[in-house]
Amino acid sequence: MSTDTTNPEVHSGLTTDWPQLPASQQPTWQDPAELAQALSVLAAYPPLVFAGECDLLRTRMAAVSQGKAFALQGGDCAETLAEVTGPNIRERIKTILQMAVVLTYGAGMPIVKVGRMAGQFAKPRSSDTETRDGQTLPAYRGDMVNGFAFTPESRRHNPDRLLRAYHASSATLNLVRGFTTGGFADLRSVHAWNKGFIKGPAQARYEQMAHEIDRAVRFLEASGVADAEEMRRVEFFSAHEALVLDYERPLVRRDHRTGLLYDTSSHFLWIGERTRELDGAHIDFVSRVHNPIGVKLGPTADRDTVLRLIDKVDPDRVPGRLTFITRMGAATIQEVLPGLLTSLGEDARHVSWICDPMHGNTFTTSSNHKTRRFEDVVEEVRGFFAAHLEAGTHPGGIHVELTGNDVTECVGGTSEVNLDNLGLRYETLCDPRLNHQQSLELAFLVAEMLDRGVY
């Protein structure tokens, strides 16, 4: 892998001439001197990822765009600094590895594994403020910006949190690399990934598959075909929403091989539905860095907007450069997506398409819990596959909010979470996540969709 320049202060994003464009969903820092100090420190820190790793992911995403691989993006809705612990990161990785094995074995194709982690510390909000019992304070925008506790000090937008998010991301990536290259992800350890989870139907089905994989691996080893070292490690990439530009820009570095700019905060960056203005600072930012980029599309996205996004972010139509992440809702996707894909013609085949079946299916219960129905999540994925089959394009992956913990945040599935027991283990500070059982169940269902020959 390539490393970046050893003089980041000279080649960081702080020295790049970023144009003054409107930027929505940004923090309101109160002390300019405090912000300047934090940005200066952040710009001097080492890169979290390297240009060569981003280039490798772009190659993998090119295969996704061609229907030769499938992308699995999963992780927390919003990471918190307190949850950056070894057990939490391990369980999340185990869940993603299990899902990837199910997809690989069930569909017979490579799975590009991308974690929503090591940087997902900020969230867009529908309102700048929140009012409780007559007191109005800034809304919680994620641990990168402020705290969840409803106090003036906690809700203050604090630039020092940018540095804390960097260190938490560094620790997360360090552990992820250790797990995925040091033997934890060994294909001969598929049974071990199931240990520690509460038993359920999806786990039992996974165990049966693991026995079949064991037999296949032993055969390959005995025949001299399998490479033991290759089975010990997996490729695992990081991703987060490029939301807070005061965090992203200082972490831009110039690759010494090519002179190109990369945002070294993550391998893959996406721009959300609320910040993808064509003339805004977010789209301009990702158009200038050479990471693989995602852009989320809701049900109002039209042909003209999508074509202009392609021209802005991927004017040269580089394979693997641009991914559209659709988030349209189970009730809407089959009405909107087929027509959109068809209207784009060949341009629809130059990008990757991934389904986010989470954000279009959120509702609030009478107990004031935000939740999602597992059946709606599955239904949107089915609609996504059906739309691409109709348009003759490739359904390239899924993008889900999940955790390895036994939470009760989304209802439905064989895990028997219902509206009445949402409050038992409702731990998210933002949006509801699939628990381990629901995540594994979703992987089996998607593997069946892939196996039916949609490609």
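The model shown is predicted, which means the values in this text are computed figures rather than measured ones.
When all heavy atoms are compared, the tightest approach of V190 to Y206 is O-OH, 2.8 Å. When all heavy atoms of G86 and L175 are compared, the pair lying nearest together is CA-CD2, 3.6 Å. Minimum interatomic distance between E273 and T300 (heavy atoms only, all atoms of both residues): OE2-OG1, 3.9 Å.
Checked by atom type, the side-chain pair E380/N361 shows a donor-acceptor distance below 3.5 Å. When only modelled atom types and interatomic distance are considered, D214 and H211 share no side-chain donor-acceptor pair under 3.5 Å. Side-chain contact of H436 with E441: a donor-acceptor pair under 3.5 Å is absent, judged by distance alone. Using modelled atom types, one finds a donor on one side chain and an acceptor on the other under 3.5 Å when comparing S266 with S238. With hydrogens and angles left out, the side-chain atoms of S24 and T275 include no donor and acceptor closer than 3.5 Å. Side-chain atoms of D246 and Q26 form no donor-acceptor pair, as typed in the model, at a separation below 3.5 Å. Side-chain N/O atoms of E248 and H240 include a donor and acceptor closer than 3.5 Å. Judged by distance alone, the side chains of N405 and E91 never bring a donor and an acceptor atom under 3.5 Å apart. Defined by atom type and a distance below 3.5 Å, a donor-acceptor pair is present between the side-chain atoms of Q73 and H399.
Listed by chain and residue number, R141 satisfy the salt bridge (Lys or Arg N to Asp or Glu O under 4.0 Å) test with D128 (two or more places apart in sequence, or in another chain). Scanning for salt bridge (Lys or Arg N to Asp or Glu O under 4.0 Å) contacts around R303 gives an empty result, with sequence neighbours left out.
Contact check on E427 versus R425 returns no salt bridge, with no Lys/Arg side-chain nitrogen under 4.0 Å from an Asp/Glu carboxylate oxygen. Between R215 and E212 there is no salt bridge, since none of the side-chain N atoms of the basic residue sits less than 4.0 Å from a carboxylate O of the acidic one. The residues R372 and D431 are annotated as salt-bridged, a charged nitrogen and a carboxylate oxygen being separated by less than 4.0 angstrom. We find that K113 and E235 are not joined by a salt bridge, their nearest charged nitrogen and carboxylate oxygen being 4.0 Å or further apart. By the 4.0 Å N-to-carboxylate-O rule, E448 lies close enough to R205 to be salt-bridged with it. Ion pairing between R116 and D76 fails under the 4.0 Å rule for side-chain N and carboxylate O.
Here the side chain of R433 pairs no donor or acceptor atom with the backbone of C77 at under 3.5 angstrom.
Here the straight-line distance linking atom CG of N146 with atom OG1 of T151 works out to 9.5 Å at 0.5 Å rounding. The line from OG1 of T393 to CG of L340 is 9.5 Å long, rounded to the nearest 0.5 Å. Atom SG of C54 and atom NE2 of H267 lie 5.5 Å apart (nearest 0.5 Å). Note that NE2 of H369 is 11.0 Å distant from OG1 of T428, once rounded to the nearest 0.5 Å. The line from CZ of R92 to CG of L97 is 13.0 Å long, rounded to the nearest 0.5 Å. E79 CD to I89 CD1: the interatomic distance, rounded to the nearest 0.5 Å, is 8.0 Å.
Aromatic ring orientation, F268 versus W270: tilted (interplanar angle from 30° to 60°). Note: Y166 and Y45 have parallel aromatic rings, judged against thresholds of 30 and 60 degrees for the angle between ring planes. Note on ring orientation: taking the six-membered ring where Trp is involved, the planes of F324 and W353 are tilted (angle from 30° to 60°).
Stacking of R161 on the aromatic ring of Y247 is not recorded, the 6.0 Å distance cut-off and the 45° axial limit not both being met.
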I would like to know whether E53 and R177 meet salt bridge (charged side-chain N to carboxylate O under 4.0 Å, His left out); could you show each step before the answer? CA-CA 12 Å; E53 294 172 334; R177 287 180 172 123; 3.1 Å; yes

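The side-chain heavy atoms of I333 and F384, taken from C-beta on, include a pair separated by under 4.5 Å.
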